Amino acid sequence: MALDPDTARRLRDGMARGVLSFPLTSFHDDGTLDPDGFRAHVAAQIATGPGALFPACGTGEFFSLDEDEYRQVVTIAVEEAGGLLPVVAGIGYGWAQAVRFARIAEEAGADALLVLPHYLVAAPQDGLVAQLEQIAARTRLPLIAYQRGQVAFGMDAFKRVAEIPGVIGLKDGHSDLDRLQRLTLAAPEGFLFFNGASTAEIQARAYATVGVPAYSSAVHAFAPEIANAFFTALRDGAEGDGTVGKLLRDFYVPLVELRDRVPGYAVSLVKAAARLRGRPVGPVRAPLTDPSAADLADLERLLASGLDLVGADL
């Protein structure tokens, strides 16, 4: 299928300009989708200048959305972006279901697709390649492969993936920098790479040394002041007046330690922090759970401290 050659360029330009925003999906207290809350959240995210918008991905609880909800989420993101920045929608599960979501994203006006790791089972390298081939053959939108969990491309498989028409990039969540360096060196010219590690700022400097400076920021979903201050200091090379080290030591590392207390906190804490700041994102959906009262109190103290580091208020 014919692809828009402009999408990769727009993504590359955006990646150099700002962090990648992965907005939260807003739910009412009863667990139903809150389209108005989501629209307000996305508008607030865009106003802070991210390089691209990735709705309905991991942070956006893609796995909990039905197809109608997914359509609403992607449509709202596209409407709010207004063509000013690329919109990359998440898709996933097996290729047949991923294609159903891909078609919805196409109809909603998304610019590209992030192919989340497939459901449940481990698969051989040939199968990982075939998964992307099947999806690419059935959508006109460019694809970004996401290796994390049970998806990890070896060198031969990666070379085949990079040759699939329509695959324009790879998001990495394994943080195996030796292997990632080999992949970047083997990639065709113009192929995009993204740091998709959990709390990516922790490893942003290390990823940049192997040629992968662009990263997704969950912190941007609740504290864009912190995320943007870190990005700017890191991008400028001199690390500001110690901003990078200060934020890592006093905010990001404690945040990771809090995140690691309970499975699923990588999303639950982000939503809780957004609620602490008055953002209309609502609770998480099961099987995730909202933070305990004690963890929420620790989060509030950490958030206030982190904002103070960059001269912002809770």
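Here the structure is a predicted model, which is why all the values come from computation and not from measurement. Quick note: residue numbers are just sequence positions, from 1.
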Heavy-atom pair of closest approach, residues [X] and [Y]:
| X | Y | answer |
| --- | --- | --- |
| Glu225 | Leu307 | OE1-CD2, 3.8 Å |
| Leu65 | Gly60 | CD1-O, 4.3 Å |
| Phe38 | Pro55 | CZ-CB, 4.4 Å |
| Ala223 | Leu303 | CB-CD1, 4.2 Å |

- Message: Filter on salt bridge (Lys or Arg N to Asp or Glu O under 4.0 Å), then keep only pairs touching residues 184-199, sequence neighbours left out; what's left?
- Response: none
- So salt bridge (Lys or Arg N to Asp or Glu O under 4.0 Å) across residues 161-174, not counting sequence neighbours, yields none
- Going by the angle between their ring planes, with limits at 30° and 60°, are Phe191 and Phe193 parallel, tilted or perpendicular? perpendicular
- Anything under 30° is parallel, anything over 60° is perpendicular, the rest tilted; go ahead and classify Phe54 against Phe194. perpendicular
- Task: Evaluate the side-chain contact (heavy atoms from CB on, under 4.5 Å) criterion for residues Leu114 and Ile91: first the C-alpha distance (whole Å), next the side-chain angles of each, then the deciding distance (0.1 Å), finally the verdict.
- Result: CA-CA 6 Å; Leu114 177 65; Ile91 61 172; over 6 Å; no
- Message: Under the criterion side chain to side chain donor-acceptor pair (under 3.5 Å), I'd like the reasoning laid out for Thr25 against Glu61: C-alpha separation, chi angles, the key distance, then a yes or no.
- Response: CA-CA 7 Å; Thr25 298; Glu61 297 178 78; 6.0 Å; no
Would you mind reporting whether [Y] and [X] have side-chain heavy atoms less than 4.5 Å apart?
| X | Y | result |
| --- | --- | --- |
| Leu11 | Ile168 | yes |
| Gln147 | Arg179 | yes |
| Val78 | Asp111 | no |
| Thr7 | Val88 | no |
| Val19 | Val219 | no |
| Leu24 | Val270 | yes |
| Leu248 | Arg205 | yes |
| Val115 | Leu132 | yes |

- Message: Is it true that, when you exclude Arg39 itself, more than 12 heavy atoms of the residues, nucleotides or ligands shown sit nearer than 6.0 Å to its CZ?
- Response: yes
Taking only residues two or more places apart in sequence, or in another chain, which ones meet [X] in a salt bridge (Lys or Arg N to Asp or Glu O under 4.0 Å)?
| X | value |
| --- | --- |
| Arg103 | none |
| Arg249 | none |
| Asp126 | Arg160 |

Using only atom types and a distance under 3.5 Å, with no angle test, would you say the side chain of [X] pairs donor to acceptor with the backbone of [Y]?
| X | Y | result |
| --- | --- | --- |
| His41 | Pro280 | no |
| Thr75 | Arg71 | yes |
| Asn228 | Thr48 | yes |
| Tyr70 | Gly90 | yes |
| Thr199 | Ile202 | no |
| Ser268 | Gly264 | yes |
| Gln131 | Tyr93 | yes |
| Glu80 | Ala43 | no |

Results of side-chain hydrogen bond (donor to acceptor under 3.5 Å, both in side chains) for [X] - residues two or more places apart only:
| X | result |
| --- | --- |
| Thr184 | Gln181 |
| Asp156 | none |
| Asp68 | Gln72 |
| Gln125 | none |

- Ion pair present between Arg9 and Asp13, side-chain N to carboxylate O less than 4.0 angstrom? yes
- Query: Once you round to the nearest 0.5 Å, how far does CZ of Phe158 lie from CG of Leu180?
  - Reply: 9.0 Å
- Task: Enter the distance from Glu201:CD to Ile226:CD1 here, rounded to the nearest 0.5 Å.
- Result: 9.5 Å
- Message: Looking only at side-chain N and O atoms, does Ser21 offer a donor or acceptor that is under 3.5 Å from a partner on Gln45?
- Response: yes
- Message: For Tyr207, give me all partners under ring pair (Phe, Tyr, Trp, His ring centres under 6.0 Å), at least two apart in sequence or on another chain.
- Response: none
- Query: What do you reckon, are the aromatic ring centroids of Phe62 and Phe22 less than 6.0 Å apart?
  - Reply: no
- Would you check, one step at a time, whether the test side-chain contact (heavy atoms from CB on, under 4.5 Å) holds for Leu247 with Val310? CA-CA 9 Å; Leu247 286 173; Val310 298; 4.0 Å; yes
- Note on the structure: Applied to residues 114-157, the ring pair (Phe, Tyr, Trp, His ring centres under 6.0 Å) test, sequence neighbours excluded, yields none
Determine all donor-acceptor pairs shorter than 3.5 Å in which one atom belongs to a side chain in residues 283-297; sequence neighbours excluded.
residue : atom : partner : partner atom : Å
Arg285  : NE   : Gly31   : O            : 2.8
Arg285  : NH1  : Ser64   : O            : 2.7
Arg285  : NH1  : Glu69   : OE1          : 3.1
Arg285  : NH2  : Gly31   : O            : 2.8
Arg285  : NH2  : Glu69   : OE2          : 2.7
Asp290  : OD1  : Val284  : N            : 3.4
Ser292  : OG   : Asp295  : N            : 3.1
Ser292  : OG   : Asp295  : OD2          : 3.3
Asp295  : OD1  : Arg261  : NH1          : 2.6
Asp295  : OD2  : Tyr265  : OH           : 2.8

- Query: Would Phe27 and Lys271 count as a side-chain contact (heavy atoms from CB on, under 4.5 Å) if you check the C-alpha gap in whole Å, the side-chain angles of each, and the deciding distance to 0.1 Å?
  - Reply: CA-CA 10 Å; Phe27 299 121; Lys271 265 201 161 174; 3.2 Å; yes
- Query: Transitively linked via ILVMFWY side-chain contacts under 4.5 Å: Phe63 with Leu120?
  - Reply: yes
